[in-house]
Structure formats: structure tokens, C-alpha cells
Amino acid sequence: MFALVDCNNFFVSCERVFRPSLIGRPVIVLSNNDGCAVALSNEAKALGFRRGDPYFKIKTEAERHGVVAFSGNHRLYGDMSARVMTVLRQEAIDLEVYSIDEAFMHLDPAIEDFADYGRRIARRVRRDTGIPVSLGIADTKTLAKVGARFAKKYPGYQSSCVIDTDEKRVKALSLTDIGDVWGIGRRNKRRLIEQGIVTALQFARLERESVRQTFTITGERTWRELNGEACIPSDWTAPDKRTITSSRSFAHDIYEIEELRQAMCAFATILGRKLREQNSYALEMTAYIATNRFNERAPQYTNSASITLPEPVSDTPAIAHAAIALLNRIWRRGYGIKKAGITITRLTTAEGRQPSLFADVNDLAKRDRLMAALDSINSSPGSPDRVRLAALGNGLKDITRREHASRLFTTRLDDIITINCKP
DNA sequence: TCTGGGGTCCTAGGACCC
DNA sequence: TCTGGGGTCCTAGGACCC
């Protein structure tokens with residue numbers, strides 16, 4: 001049996017752990033650059049606000065309703081996520097961390113009362129981390145997802161919904177909209193509704209062959225899972241990434257290449273750290289810049305350029321150097337750049353890394369040691385990013401918007417909450 | 001003024017091979 | 001008039017996920 005554990009309104013819940021007065025009040029968390037609402041409390045949803053709403057469009061209305069908005073504090077969310085996963089790992093035979101706020105637990109089949117087990121897990125996570133979660137328990141991951149929706153939606157389940165008989169399965173699927181099924185996106189939802197398929201049950205009762213023809217093998221897999229056949233493979237540990245991107249939208253249009261160089265250095269810094277975290281090296285890189293696609297009056301310009309490097313790299317200076325060379329190729333004076341980014345691809349491990357024919361092997365080893373030293377200093381408590389590229393300047397700080405930031409309650413000494421107990 | 005960021009997998013079609 | 005059969009590799013684009 002699988003249990004899908006889903007953190008409720010995760011980013012909002014993280015903020016509420018450290019500001020409990022926000023429980024019961026409408027809260028939203030914004031995307032980077034304070035652009036869109038990406039997480040909403042139930043109270044905010046009840047007011048009609050939706051995930052993806054551009055903040056500038058809803059700001060006045062939100063403030064009128066007393067909605068509290070936060071800029072995304074992803075270091076905090078990452079740390080809170082790790083706490084939740086630690087608790088779950090102690091309770092499961094195996095744990096697959098699926099995303100920052102979701103994980104699949106592999107359950108001991110000998111458990112007698114799965115519903116009760118699920119409620120106990122939810123209580124323990126709440127007690128140990130402050131984060132409310134919902135569990136769906138079933139034979140397949142897709143059905144577990146269906147269960148978790150019910151657990152979240154109806155308080156009667158007390159955060160835990162089990163689908164362990166065919167009767168429950170049929171009933172749950174008949175009450176689930178086809179678009180709410182894991183694996184059915186916007187596009188396929190529309191195609192199915194055009195065919196008159198509105199519920200998950202109707203989809204599950206289609207002919208297997210016709211599902212495969214229309215929706216290829218991914219659609220067929222969803223169909224099999226809904227019919228009780230577990231066929232989504234398990235990943236015990238997150239596999240190494242095959243591509244890594246770092247990109248941002250900016251608060252204002254950027255006309256000066258110097259500012260874009262700083263942004264590229266910031267992306268390179270992020271990419272270098274992520275590469276070294278998974279012990280990989282990148283052979284190929286693409287940089288891109290784009291004007292504001294929503295501003296129809298302004299002249300539009302997007303361009304990108306790629307380079308295959310002479311040898312796989314993971315050191316920040318090399319990445320930044322290549323990124324700036326690419327920027328010089330694509331930048332045009334006179335366009336207000338609103339968004340930029342770098343993607344690195346063709347990642348290899350240290351073992352698979354082939355230096356260029358003319359590389360100085362001693363120099364490679366030296367660069368590895370330099371980065372190891374830099375990472376060690378920058379990851380020590382109290383001194384994040386103490387050593388950085390001079391060309392980074394202020395990085396993204398001055399060019400992205402972050403007007404509603406909360407504190408780094410769990411990872412920065414200065415930000416730890418102090419509680420004054422008056423006698 | 002103002003609209004996110006980061007991924008994976010699958011397929012079709014082109015280029016190329018014998 | 002008429003033009004095989006079988007395969008690999010790569011890429012772009014579409015669909016999905018959080």
C-alpha cells in the first residue's frame with residue numbers, strides 16, 4: 001500500500017508556523033518578483049483568489065479583505081519540508097519524496113487499520129513540525145492521490161482517506177472530476193470532456209486500447225493505475241537532474257548590459273552550487289534574455305545562444321565567464337529586458353567527466369578544491385554567501401521585487417524567534 | 001508600474017547508417 | 001509508371017507535474 005502525504009497549502013502553512021496569529025486568516029504567498037499568487041490559504045481561496053493570479057491585479061482587493069501576502073521564502077520552505085520528510089521517513093518502510101510538499105510512503109501491509117494509521121501520521125507531523133498534512137492510502141499512487149484530495153476536502157476524514165476496496169474505488173472515482181486526476185492536464189481534460197468523459201470513473205471504464213491510441217502510453221499508465229494496477233515505478237532517491245535552469249523576471253525593464261551581467265553572475269552562482277551539490281559537471285549552456293511579453297506597446301525581443309564548453313565544468317567562475325560571453329552575443333541596445341536565465345545541459349558525473357585534450361589536469365583539480373573551499377565557507381552557519389564573485393555586485397537584490405519577505409526563521413541565527421516570558 | 005520558476009517524459013520527423 | 005527494409009540518434013514541441 002502507498003500513502004500519499006500532501007502538505008496542506010504548504011507555503012502558507014510554513015509562514016503560519018512562525019506567525020500562528022495568521023491561522024484562520026486569508027494568506028497568500030507570492031512567486032518570485034512578487035509576481036503571482038502561488039499558494040493560498042483556504043480563507044483566501046474562499047474570497048475568490050486563485051493560484052496564478054497576478055498580484056498587481058488583485059492587490060487592492062486583497063488588501064481590502066485583510067489578506068496577508070508574503071514574498072516566497074524558499075529557504076524556509078525547503079527547511080520545513082526536510083523536517084516533514086524526516087518524520088515521514090521514521091514511519092514508513094520506504095519514502096519517495098515527490099516534491100517539496102508531497103511524498104509517497106510505502107506502508108507495511110500488516111498494518112491493521114490504515115485509516116487510523118493515517119490519522120496518527122497526520123497528528124504526529126502536525127505536532128512535530130507544525131505543518132498540517134492530508135493522506136490518501138491505496139494500492140496505487142494515482143489512487144492514493146485521489147484519496148488525499150478527499151482527505152483534504154472533507155474534515156470528516158480527519159486527514160486520512162483510504163481506498164482499499166473496489167467499492168470505495170468506484171465511488172471515489174465517480175466523485176472525482178477527470179481534470180483532478182494526477183496525469184490528466186488541461187489539454188487532455190478538454191479532449192476528454194469533448195468526448196463526454198467527465199469523471200475519473202468514466203475514464204477508467206474506457207477501452208484500454210482506445211486510451212492508448214489517443215493518450216499514448218502515459219495516458220494508458222494513468223488508466224491502469226486508476227483500475228488498481230500499480231505501474232508507476234519507484235525512485236528511492238531523487239535522481240540527478242539532467243538539466244538545471246536558473247532564471248528570473250525583473251522588477252523593472254533593464255536597458256544596461258552591466259546589470260544583465262550581474263544577473264548572469266547570480267544565475268551562474270546558483271547553477272554552480274546546484275551542480276556541485278549533485279556532484280555533476282555541465283558541458284552545454286544556453287543563456288536567454290527576453291522583453292516583457294505582456295507589454296504589447298513595447299518593441300519585443302527575445303534571443304538565446306548556446307555553447308558547448310571545451311570540457312565539463314562546475315566551477316562558478318567558468319560558468320559565469322561562459323554566460324557573459326553568451327550574453328554579449330545576444331544583447332541588443334534599446335530593448336528593455338524583463339527576464340533572463342541560463343540553462344545547463346549534458347550533465348555528467350565526476351567519473352564521466354572528460355577533460356579537453358589540452359586541459360591542465362592540475363588546474364582542474366585546483367579549481368575543484370577552490371570550489372570545495374568556497375562551498376564550505378558559504379555553507380557554514382551564519383555566513384551564507386560570504387565569498388562570491390566580485391562581478392556579482394548586489395546580485396539579484398536590486399533588480400527583483402521582494403516587498404513582503406518573512407524571515408529565515410530556521411536557518412539564520414539573527415532571525416530566530418525570541419519569546420519573552422513575563423512572570 | 002505590475003503577469004513565476006523549475007523540471008520530466010514521450011513522440012514525430014529529419015538525418016544518417018548499412 | 002515503377003524506387004526496400006531496418007535501424008539509430010538527435011531535436012523540437014507538446015503534455016504533464018509541483
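All values derive from a computational prediction rather than experimental measurement.
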By nearest atom, which of the nucleotides dC18(C), dT3(B), dG6(B) is closest to the W182(A) side chain?
dC18(C)
Lys/Arg N to Asp/Glu carboxylate O, [X] vs [Y], below 4.0 Å:
X	Y	value
K152(A)	D6(A)	yes
R401(A)	D34(A)	no
D79(A)	R83(A)	yes

Counting the atoms with a prime plus P, OP1 and OP2 as sugar-phosphate, which does [X] contact under 4.0 Å by heavy atoms, base, sugar-phosphate, or nothing?
X	value
D34(A)	nothing
V29(A)	nothing
L30(A)	nothing
I217(A)	sugar-phosphate
K241(A)	sugar-phosphate
Y55(A)	nothing

Do W331(A) and Y301(A) make the cut of ring centroids closer than 6.0 angstrom?
no
Contact under 4.0 Å: [X] side-chain N or O vs [N] OP1/OP2:
X	N	result
T243(A)	dG6(B)	no
S247(A)	dG4(B)	no
S249(A)	dG5(B)	yes
K338(A)	dC2(B)	no
N33(A)	dT3(B)	yes
K339(A)	dC2(B)	no
R248(A)	dG6(B)	yes

Could you give the [atom1]-to-[atom2] distance, from [X] to [N], as a whole number of Å?
X	N	atom1	atom2	result
R242(A)	dT8(B)	CZ	C1'	9 Å
R402(A)	dG4(B)	CZ	C1'	13 Å
N32(A)	dG7(B)	CG	C1'	16 Å
L396(A)	dG5(B)	CG	C1'	13 Å
L4(A)	dC17(C)	CG	C1'	13 Å
R190(A)	dC16(C)	CZ	P	10 Å
R51(A)	dT3(B)	CZ	P	17 Å
Y77(A)	dG4(B)	OH	P	17 Å

Are the side chains of D315(A) and L275(A) in touch, meaning some heavy atoms are under 4.5 Å apart?
no
I want to check something: taking the side chain as every heavy atom from C-beta on, are T140(A) and L143(A) in contact at a cut-off of under 4.5 Å?
yes
Defining pairs by Watson-Crick or G-U wobble geometry with both distances under 3.5 Å, how would you list the stems of DNA chain B with at least three pairs each?
B:5-18 with C:5-18
Measure across [X] and [Y] and return the closest heavy-atom pair with its distance rounded to 0.1 Å.
X	Y	answer
P312(A)	Q354(A)	CD-O, 3.4 Å
A3(A)	L107(A)	CB-CD1, 3.8 Å
V125(A)	I131(A)	CG1-O, 3.6 Å

Does the base of dG4(B) carry an N or O that pairs as donor and acceptor with the side chain of R401(A) under 3.5 Å?
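By the distance-only test, no, there is no pair.
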Pairwise N/O distances under 3.5 Å, protein to nucleotides 11-15 of chain C:
residue: dA15(C); atom: OP1; partner: R187(A); partner atom: NH1; Å: 3.0
residue: dA15(C); atom: OP1; partner: R187(A); partner atom: NH2; Å: 3.3
residue: dA15(C); atom: OP2; partner: R187(A); partner atom: NH1; Å: 2.1
residue: dA15(C); atom: O3'; partner: N188(A); partner atom: ND2; Å: 3.4

Heavy-atom contacts under 4.0 Å between residues 286-297 of chain A and DNA chain B, which residues?
N292(A), F294(A)
Are K141(A) and F104(A) in a cation-pi setup, meaning NZ or CZ lies under 6.0 angstrom from the ring centre and within 45 degrees of the ring axis?
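Checked: cation-pi criterion met.
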First encountered from the 5' end of DNA chain B, between K274(A) and F56(A)
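Nearer the 5' end of the strand: F56(A).
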Show the numbers, then the answer: is there a side-chain contact (heavy atoms from CB on, under 4.5 Å) between N9(A) and N42(A)?
CA-CA 8 Å; N9(A) 325 74; N42(A) 294 343; 3.2 Å; yes
Pick out which of D53(A), V67(A), L47(A) makes a side chain to side chain contact (heavy atoms under 4.5 Å, CB included) with I58(A).
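The option that passes is D53(A).
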For a side chain to side chain contact (heavy atoms under 4.5 Å, CB included) with K189(A), tell me which candidate from I184(A), V181(A), I197(A) qualifies.
I184(A)
